[in-house]
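Please read the structure below before turning to the comments.
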Protein chains: 2
Amino acid sequence: MTEEETGKINKFDCILASARKLIEQEGFSSFTMDKLANNAGVAKGTIYLYFKDKNDVLENVLKSGFQTMFSRMTDKVEKKETPEEKIKTLIYENLLYIGENKYFFKTVFLDEMHVVFLKKTSQESYNLRRRKYAVFISEIIIKGIDEGIFKNLLDPLKAGFYLISLIKTNAIYNFRNNKVEFNEDLIKSEAAEIFDIFIDGIKN
Amino acid sequence: MTEEETGKINKFDCILASARKLIEQEGFSSFTMDKLANNAGVAKGTIYLYFKDKNDVLENVLKSGFQTMFSRMTDKVEKKETPEEKIKTLIYENLLYIGENKYFFKTVFLDEMHVVFLKKTSQESYNLRRRKYAVFISEIIIKGIDEGIFKNLLDPLKAGFYLISLIKTNAIYNFRNNKVEFNEDLIKSEAAEIFDIFIDGIKN
DNA sequence: TTGACTTATGACTATAAAGTCATTATAATA
DNA sequence: TATTATAATGACTTTATAGTCATAAGTCAA
């Protein structure tokens, strides 16, 4: 991708655009400086005139992918009056931004975790396990919908994934805040919190 | 870690236990076969008598980390009657399992995505960006709590992370199911779905 | 005890990819 | 145009680590 092709004026932006494109196409794990040089139409040494090292390239790609999102979102959200409207707007704007940068976010989101270190076939079995879990939850939800307890409006399988993500987020939050000591009471209250938000939402 | 130390009878389990321990301690990115051999107290070649390659080791570590979880959970859940009780039990059992295998899940959950490819300092700035976003959401939620619209019972910052995870999960779900073509109507309905579940929950 | 078979070893090879730097090309200036 | 300064090059060096294999140690039946 030369300067004319990308429409970028300077080499920094040109290399960055190539890096992003490569990452979107092939993911983080197969991203190499040789490929980047080749793809950007410059010599390998040239990259090092504009970026400190590979980490610097990756950091800039991620930065550029996320940077406009936050400012655009806050602009839109702050125009709204009520907390509910603000949250509604935030969700919409966020999904819109993801849609506009779909190839970027597809890689960033799907190139998840350790999965990156596994071969394709192992990744598939890993994802199947997760899916099996979501299916199990979806069956419970379907039963609840049939009984009229749960809303009929949403894809039960997706709801299963939603619940899994809430549980995972809870764990990550506690890990990050060094609440590593799990006692039974703590787990009970955390579980009740997740249950409450999933079943009833945050509304009073 | 020798056989006596791990309490495992055979080399396969001994090597596997060492691998898991190493991964728990240092993460996936710095896990090498040399370290494993050293840590397991066997020669490098010995590992290849019990495992096909590195991928095979990683796959087995992940498998062993997740395998009992699902069967244990289904057992407990199936004893419950109502869908609500089932979901409540599922969340509790899942958190309990994570707690029991905290070092394993800490690594698996925190060693997230592309972040693995970044240097420590870049990872921190990445996490700070995410946190900034969660703080922004938490401020909206706090306002809602003050106004009496939202429940007072939960940590607003955690709620922010919950919402972010719902949005991300929605995107991943659509990416996985190849719904890559985002049109405005689709985004609106997806946004409404997330809003509804976050505000009101899945209960009718 | 011996010889056949199984298991283990670790020095070695192969390879991929990051990062360097002497050389060359291009641009700016006098 | 000649001279200097700046930018670009890509062959080369370095490093890390996965995977191999000739050799050695251990086991066990006859």
Side-chain angles (χ1 to χ4, degrees), chain A residues 1-6 8-20 22-23 25-62 111 114-123, chain B residues 1-6 8-20 22-23 25-62 111 114-123:
Chain A
M1 208 186 325
T2 60
E3 293 196 14
E4 300 86 56
E5 283 169 328
T6 57
K8 304 286 174 184
I9 4 79
N10 63 70
K11 281 246 160 64
F12 181 91
D13 288 339
C14 172
I15 293 168
L16 196 63
S18 285
R20 176 164 161 153
L22 266 177
I23 287 168
Q25 286 169 347
E26 302 180 27
F28 286 91
S29 51
S30 65
F31 175 76
T32 69
M33 296 301 263
D34 283 287
K35 278 187 190 173
L36 176 56
N38 195 46
N39 205 262
V42 298
K44 203 174 173 184
T46 307
I47 300 171
Y48 288 88
L49 296 174
Y50 296 91
F51 297 88
K52 207 178 125 272
D53 53 19
K54 192 186 176 186
N55 183 74
D56 193 29
V57 176
L58 293 176
E59 198 180 323
N60 272 284
V61 168
L62 285 168
D111 241 20
H114 51 280
V115 170
V116 168
F117 297 108
L118 297 176
K119 284 185 187 162
K120 271 276 165 326
T121 49
S122 305
Q123 290 185 19
Chain B
M1 209 186 322
T2 61
E3 294 195 15
E4 299 86 57
E5 283 169 330
T6 57
K8 303 288 175 181
I9 4 79
N10 64 71
K11 281 247 162 61
F12 181 92
D13 288 339
C14 172
I15 293 168
L16 196 63
S18 285
R20 175 163 161 155
L22 266 177
I23 287 168
Q25 285 168 347
E26 303 180 26
F28 287 90
S29 52
S30 66
F31 176 77
T32 69
M33 296 301 263
D34 283 288
K35 278 187 190 172
L36 175 56
N38 195 47
N39 206 264
V42 297
K44 203 174 173 182
T46 307
I47 300 171
Y48 287 89
L49 297 174
Y50 296 92
F51 297 89
K52 209 179 122 268
D53 52 19
K54 192 186 175 185
N55 183 74
D56 192 30
V57 176
L58 293 177
E59 198 180 322
N60 273 284
V61 168
L62 286 168
D111 242 20
H114 51 280
V115 170
V116 169
F117 298 109
L118 296 175
K119 284 184 187 163
K120 270 278 165 325
T121 48
S122 305
Q123 290 185 20

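Here is the naming used below: chain letters follow the sequence lines, and residue numbers restart at 1 for every chain. FYI, side chains are in, hydrogens and waters are out, and symmetry mates aren't considered; it's all heavy atoms of this structure.
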Tell me: [atom1] of [X] to [atom2] of [N], nearest whole Å?
X: B/Ile15; N: C/dT9; atom1: CD1; atom2: C1'; result: 13 Å
X: B/Leu49; N: D/dG26; atom1: CG; atom2: P; result: 16 Å
X: B/Lys35; N: D/dA16; atom1: NZ; atom2: P; result: 11 Å
X: A/Phe117; N: D/dA18; atom1: CZ; atom2: P; result: 11 Å
X: A/Lys11; N: D/dT6; atom1: NZ; atom2: P; result: 17 Å
X: B/Ile47; N: C/dT7; atom1: CD1; atom2: P; result: 17 Å
X: A/Leu36; N: D/dG10; atom1: CG; atom2: P; result: 15 Å

Below 4.5 Å, heavy atoms only, C-beta onward: do A/Phe117 and A/Ser29 meet side chain to side chain? no

Under 4.0 Å, counting only non-hydrogen atoms across every strand here, what does B/Tyr50 touch: a base, just sugar-phosphate, or nothing? sugar-phosphate

So does [Y] get a backbone contact from the side chain of [X], meaning a donor-acceptor N/O pair under 3.5 Å?
X: A/Asp56; Y: A/Phe51; value: no
X: B/Asn55; Y: A/Lys119; value: yes
X: B/Glu59; Y: A/Ser122; value: no
X: A/Lys35; Y: A/Ser30; value: yes

For a quick check, with a 4.0 angstrom heavy-atom cut-off, what is the B/S/- contact string for nucleotides 10-22 of chain C, read 5' to 3'? B------SBBBB-

Using the test ring-ring contact (aromatic ring centres under 6.0 Å, His included), find all partners of A/Phe31 that sit at least two apart in sequence or belong to another chain. none

